[in-house]
Amino acid sequence: TGYYGDGLNAIIVFTACFLPDSSRTDYNYVMENLFLYVISTLELMVAEDYMIVYLNGATPRRRMPGLGWMKKCYQMIDRRLRKNLKSFIIVHPSWFIRTILAVTRPFISSKFSSKIQYVNTLAELREMIPMECVHIPDSIVKYDEEKCIKRRMRTSCLSNDPEMASVEQK
């Protein structure tokens, strides 16, 4: 969590890999209280505009919040907080997250939908926000580095493959 710009513009960071495992017997209780904590913190921190950065990388499926929980969160957020949200940035979006948001798009406001941005790397995130204000956990940095190495390897393999090179030239 940090601030950016001239005013008190908050940057709220959620790291999904640290969320509780859905197999916990008290999972619903923990998630309910987590949400209440987050909302009360938002109300204290947010004086003006703010953005949410959702770090999805390195998150096993069992730690991702469910669709019902996300819907409930959205509905319970005060109108002022929804209005002051300038962007909801999802870093390392998985196929699952993209699908959930595509399916729910008709049921959420177009204003909120327009605030959602996907960012595939921490380098892309760095271009959007001042990173000195944001703490990125080591597990996310490592995930990003591994993902970038795999992407470079895939790109280099494609460019060294004569069949792919001829496809790329066309």
Side-chain angles (χ1 to χ4, degrees), residues 1-20 22 30-61 63-148 151:
T1 307
Y3 292 93
Y4 69 98
D6 296 332
L8 291 176
N9 301 308
I11 299 173
I12 312 297
V13 179
F14 287 101
T15 307
C17 64
F18 296 136
L19 288 173
S22 60
V30 171
M31 290 300 283
E32 180 84 22
N33 284 294
L34 175 65
F35 171 72
L36 294 173
Y37 170 77
V38 168
I39 290 301
S40 62
T41 303
L42 276 177
E43 288 174 351
L44 291 173
M45 288 185 65
V46 175
E48 295 180 19
D49 297 343
Y50 71 105
M51 65 176 60
I52 295 176
V53 176
Y54 178 80
L55 301 172
N56 188 63
T59 305
R61 182 86 170 267
R63 292 197 184 267
M64 286 186 194
L67 179 59
W69 185 81
M70 289 190 286
K71 180 182 175 189
K72 185 176 179 181
C73 290
Y74 176 74
Q75 290 171 339
M76 288 180 67
I77 293 174
D78 181 75
R79 183 185 180 286
R80 176 186 68 87
L81 288 175
R82 281 197 295 237
K83 184 178 169 224
N84 288 358
L85 177 66
K86 291 305 163 202
S87 60
F88 185 87
I89 302 169
I90 301 172
V91 183
H92 303 124
S94 63
W95 174 86
F96 177 73
I97 291 286
R98 287 180 186 264
T99 302
I100 291 289
L101 288 171
V103 168
T104 59
R105 194 160 290 229
F107 306 106
I108 57 177
S109 78
S110 59
K111 282 184 181 179
F112 182 77
S113 292
S114 69
K115 296 175 185 183
I116 298 171
Q117 297 175 292
Y118 296 114
V119 174
N120 293 310
T121 65
L122 292 176
E124 285 179 46
L125 181 63
R126 211 171 277 114
E127 293 172 12
M128 299 172 73
I129 64 171
M131 294 297 282
E132 64 274 3
C133 300
V134 177
H135 171 72
I136 305 293
D138 291 340
S139 59
I140 301 298
V141 172
K142 184 179 178 196
Y143 175 86
D144 188 73
E145 289 169 353
E146 290 170 359
K147 191 173 175 184
C148 288
R151 187 178 296 124

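A donor-acceptor contact shorter than 3.5 Å is absent between the side chain of K142 and the backbone of A58. The backbone N or O of T121 lies less than 3.5 Å from no partner atom in the side chain of D144, so there is not a single donor-acceptor pair. Between the side chain of D49 and the backbone N or O of K86, no donor-acceptor pair lies under 3.5 Å.
In this structure, CD on E145 lies 9.5 Å from CG on D138, to the nearest 0.5 angstrom. We find the OH-CD1 distance between Y143 and I136 to be 14.0 Å, quoted to the nearest 0.5 Å. How far CD of E124 is from CZ of R126: 11.0 Å, rounded to the nearest 0.5 Å. Here the CG atom belonging to L42 is positioned 9.0 Å from the CZ atom belonging to F35, to the nearest 0.5 angstrom. From M64, atom CE reaches atom CD1 of I100 across 10.0 Å, with rounding to the nearest 0.5 Å. Between the CG atom of L81 and the CG atom of L85 there is a distance of 9.0 Å, given to the nearest 0.5 Å.
Ring geometry, F88 versus Y54: the interplanar angle falls under 30°, so the pair is classed parallel (tilted spans 30 to 60°).
For S94 against N56, the heavy-atom pair with the smallest separation is N-ND2, 3.4 Å. Summarising the geometry of I140 relative to G57, their closest heavy-atom pair is CD1-O, 3.0 Å, with the distance given to 0.1 Å. Of all non-hydrogen atoms in C17 and T59, the two that sit nearest each other are N-OG1, 3.1 Å. Nearest heavy atoms, M31 versus P20: SD-CG, 3.6 Å.
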Practice item. Tell me, with the steps shown, if I129 and V134 meet side-chain contact (heavy atoms from CB on, under 4.5 Å). Key: CA-CA 9 Å; I129 64 171; V134 177; 3.8 Å; yes

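With contacts defined as side-chain heavy-atom distances shorter than 4.5 Å, the pair I12/T41 does not qualify. Using a 4.5 Å cut-off on side-chain heavy atoms (C-beta onward), R151 and N120 make contact. Two residues are said to be in side-chain contact when any heavy atoms from C-beta on lie closer than 4.5 Å; M128 and M51 fail this criterion. The shortest side-chain heavy-atom distance between I90 and I97 falls under the 4.5 Å cut-off. Taking the side chain as every heavy atom from C-beta outward, L122 and L125 approach each other to under 4.5 Å.
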